[in-house]
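Here is how names work: the chains are called A, B, and so on, in the same order as the sequence lines, proteins then strands, and each is numbered from 1. Every heavy atom of this structure was used, including side-chain atoms; hydrogens, water molecules and symmetry mates were not. Remember, it's a predicted structure, so these values are computed and weren't measured experimentally.
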2 protein chains.
Amino acid sequence: MLELAILGLLKEQELHGYELKKRLTDALGAFSSVSFGSLYPALARLEAAGAVQVVTTQAPAPALPAPAVPMTGSIAGEAAAFRARRAAARPTRPSRTRKVYAITARGEQVFEELLEADSTSGDDDRAFNLKLAFCRHLPPERRLGLFEKRRALLVERLAKARTSHRTLKERMDLYTQSLVDHGAETTEADISWLDSLIALERKGGTPS
Amino acid sequence: MLELAILGLLKEQELHGYELKKRLTDALGAFSSVSFGSLYPALARLEAAGAVQVVTTQAPAPALPAPAVPMTGSIAGEAAAFRARRAAARPTRPSRTRKVYAITARGEQVFEELLEADSTSGDDDRAFNLKLAFCRHLPPERRLGLFEKRRALLVERLAKARTSHRTLKERMDLYTQSLVDHGAETTEADISWLDSLIALERKGGTPS
DNA sequence: GAACCGATATATCGAGCCGATATGTCGAGA
DNA sequence: TCTCGACATATCGGCTCGATATATCGGTTC
């Protein structure tokens with residue numbers, strides 16, 4: 001499941017592990033945190049599978065990522081200005097011992113397989129959020145299929161929750177009842193949201 | 001995290017592993033699925049820690065296996081109810097090789113510790129749902145503390161999502177933007193729900 | 001200028017959880 | 001009879017996590 005995120009990010013830009021982790025937690029931190037303990041093994045797996053490839057080690061890679069940091073030569077003062085500039089625009093300063101990864105042709109193939117695979121894990125929600133974050137790489141009809149499959153899953157989950165709530169209401173205490181109720185409402189909201197996504201898709205409003 | 005659920009169920013009734021799994025997936029299946037691959041090791045851990053205890057093996061199981069347990073289980077499944085009905089209608093003859101577990105005094109202690117522990121895992125949501133399903137065993141003021149701690153976490157998450165959405169909007173495509181938006185709305189709804197739970201708690205409407 | 005701190009960067013470890021699978025019993029039905 | 005599905009326990013490999021180890025670099029502090 002992490003592979004999908006890694007490949008999705010590498011599809012856009014070559015990155016090293018640390019930066020990869022920062023982008024993952026920045027963009028999707030609310031939904032899923034990523035730890036180094038899973039990131040680095042995942043990168044190793046992908047490399048072993050030929051899906052990614054180390055393109056740079058120990059070098060600042062002058063070609064694309066680093067836009068030639070000017071490095072003002074003044075010695076005294078303006079530490080505040082320097083700090084502000086560093087905080088505002090930070091183009092990934094080069095450092096020693098980093099491994100920059102790039103996606104391979106095989107990796108592109110794996111990426112698409114992962115995007116369309118039925119989530120093997122029981123954690124459907126996280127998987128769908130991840131897929132949504134990268135579904136722009138899918139052709140429109142497959143994207144639509146992804147949305148509708150997700151919608152069907154949510155409808156089924158809602159139905160199960162409703163029958164469960166009806167048949168077990170007497171046995172459940174108020175807290176569990178409230179939990180199930182709220183879960184059902186959340187699922188309803190998810191379905192409505194998916195409906196809006198599907199409608200947008202049918203209209204043809206496909207973004208970049 | 002599974003320990004909490006196991007102890008919570010065993011607090012109400014002595015059960016064997018298979019039945020334990022069925023009740024878990026029946027009642028909380030919408031939120032978290034439980035597999036044997038985690039259930040049996042968890043039971044072994046709990047037994048090693050002295051939190052549970054095997055009370056019956058090779059159960060002869062006459063009419064009433066559990067002595068003086070009034071079956072007030074609030075967490076029970078539709079299928080479990082069906083089985084109970086069928087068992088009442090026909091004389092149950094199961095079964096060989098099953099291990100019925102009971103909670104110990106030490107287990108009760110562990111249960112309360114788990115209920116109040118800050119979730120060590122990154123999976124806060126599942127953990128809170130589980131805690132809510134068993135929080136009736138907590139004294140009211142601790143229950144309130146649990147709710148308010150959860151509320152604070154959600155507020156923080158919402159704030160982070162909002163700033164993230166503001167600062168990274170340009171980088172994100174429409175799908176990811178929609179995902180973050182919907183996540184924020186869901187979190188808002190969660191906070192409102194928690195507010196209603198807190199209000200109910202302050203009013204003193206403590207159930208069973 | 002030395003000593004320290006935080007950010008950068010890679011990597012491993014133990015433990016928990018999951019899906020899949022193995023093993024075996026039992027009752028119902030083809 | 002013999003197979004099929006439910007019951008029941010248990011293990012295996014794999015993935016993810018939090019914690020931890022290691023090391024460099026820039027900036028702050030004394």
Side-chain angles (χ1 to χ4, degrees), chain A residues 1-6 15-22 24-25 32-49 54 56-58 60 69 71 75 78-80 82-83 86-87 90-101 114 118-124 126-127 130, chain B residues 1-6 15-22 24-25 32-48 54 56-59 61 79-80 82-83 86-87 90-101 114 118-124 126-127 130:
Chain A
M1 215 195 81
L2 225 187
E3 276 91 339
L4 176 65
I6 292 173
L15 290 168
H16 55 96
Y18 198 83
E19 182 69 22
L20 218 36
K21 196 257 188 182
K22 272 191 298 185
L24 283 172
T25 52
S32 69
S33 66
V34 180
S35 73
F36 291 119
S38 35
L39 178 63
Y40 286 115
L43 278 172
R45 284 198 304 274
L46 287 171
E47 190 183 3
V54 176
T56 315
T57 311
Q58 193 115 351
V69 181
M71 192 60 185
I75 302 168
E78 57 186 25
F82 185 77
R83 244 179 281 125
R86 191 188 59 167
R90 183 170 29 196
T92 312
R93 312 290 296 261
S95 166
R96 288 180 67 242
T97 61
R98 23 184 242 185
K99 292 161 74 174
V100 178
Y101 289 90
L114 286 176
D118 286 6
S119 66
T120 161
S121 169
D123 200 354
D124 294 317
R126 287 228 202 297
L130 253 186
Chain B
M1 215 197 79
L2 226 185
E3 276 93 338
L4 177 64
I6 293 174
L15 291 169
H16 56 96
Y18 198 83
E19 183 69 22
L20 217 36
K21 194 257 187 182
K22 272 188 298 187
L24 282 172
T25 52
S32 70
S33 66
V34 180
S35 75
F36 291 120
S38 35
L39 179 63
Y40 286 116
L43 277 172
R45 284 197 306 272
L46 287 171
E47 191 182 4
V54 176
T56 316
T57 313
Q58 206 90 350
F82 178 77
R83 276 189 306 276
R86 192 181 60 173
R90 301 180 201 174
T92 296
R93 202 70 30 182
S95 185
R96 79 290 98 190
T97 61
R98 17 182 246 187
K99 292 162 74 173
V100 177
Y101 290 91
L114 287 175
D118 285 8
S119 65
T120 162
S121 169
D123 200 354
D124 293 317
R126 288 225 201 295
L130 253 186

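- With rounding to whole Å, A:Glu47 atom CD is found 12 Å from C:dT10 atom P.
- Under 4.0 angstrom from either OP1 or OP2 of D:dC7 there lies no side-chain N or O belonging to B:Lys21.
- In this structure, B:Tyr40 atom OH and D:dC7 atom P are separated by 12 Å, rounded to whole Å.
- The phosphate of C:dG16 (OP1 or OP2) has a side-chain N or O of B:Arg45 nearer than 4.0 angstrom.
- The CE-P distance, from A:Met1 to C:dG19, rounds to 13 Å in whole Å.
- Each of B:Asp123 and B:Gly37 was matched to the nucleotide of DNA chain D holding its nearest heavy atom; the match closer to the 5' end belongs to B:Gly37.
- Closest of all the heavy-atom pairs between A:Gly17 and A:Leu39 is O-CD2, 3.2 Å.
- Proximity of A:Leu130 to A:Met1: side-chain heavy atoms (C-beta onward) are separated by under 4.5 Å at one or more points.
- Of the residues near DNA chain D, B:Tyr101 and A:Val34, the one whose nearest nucleotide (by heavy atom distance) lies more toward the 5' end is B:Tyr101.
- In this structure, the side chains of B:Arg126 and A:Asp123 come closer than 4.5 Å at one or more pairs of heavy atoms.
- B:Glu19 places its CD atom 15 Å from the C1' atom of D:dT9, with the value rounded to the nearest Å.
- OP1 or OP2 of D:dA10 has at least one side-chain nitrogen or oxygen of B:Lys99 nearer than 4.0 Å.
- Residue B:Lys22 contributes atom NZ, which lies 7 Å from atom C1' of D:dC7 at whole-angstrom precision.
- Between A:His16 atom NE2 and C:dA11 atom P there is a gap of 13 Å when expressed in whole angstrom units.
- Rounded to a whole Å, the CG atom of A:Leu39 is 13 Å from the P atom of C:dA9.
- If you measure from atom CZ of B:Phe36 to atom C1' of D:dC12, you get 16 Å, rounded to the nearest angstrom.
- For B:Leu2, whose side chain is taken as the heavy atoms from C-beta onward, the closest listed nucleotide among C:dC17, D:dA8, C:dG19 is C:dC17.
- Using a 4.5 Å heavy-atom threshold, the side chains of B:His16 and B:Tyr101 count as separate.
- Listed candidates were D:dA8, C:dT8, C:dC17. Nearest to the side chain of B:Ser38 is C:dC17.
- Taking 4.5 Å as the limit, some side-chain heavy atom of B:Leu20 sits within range of a side-chain heavy atom of B:Leu43.
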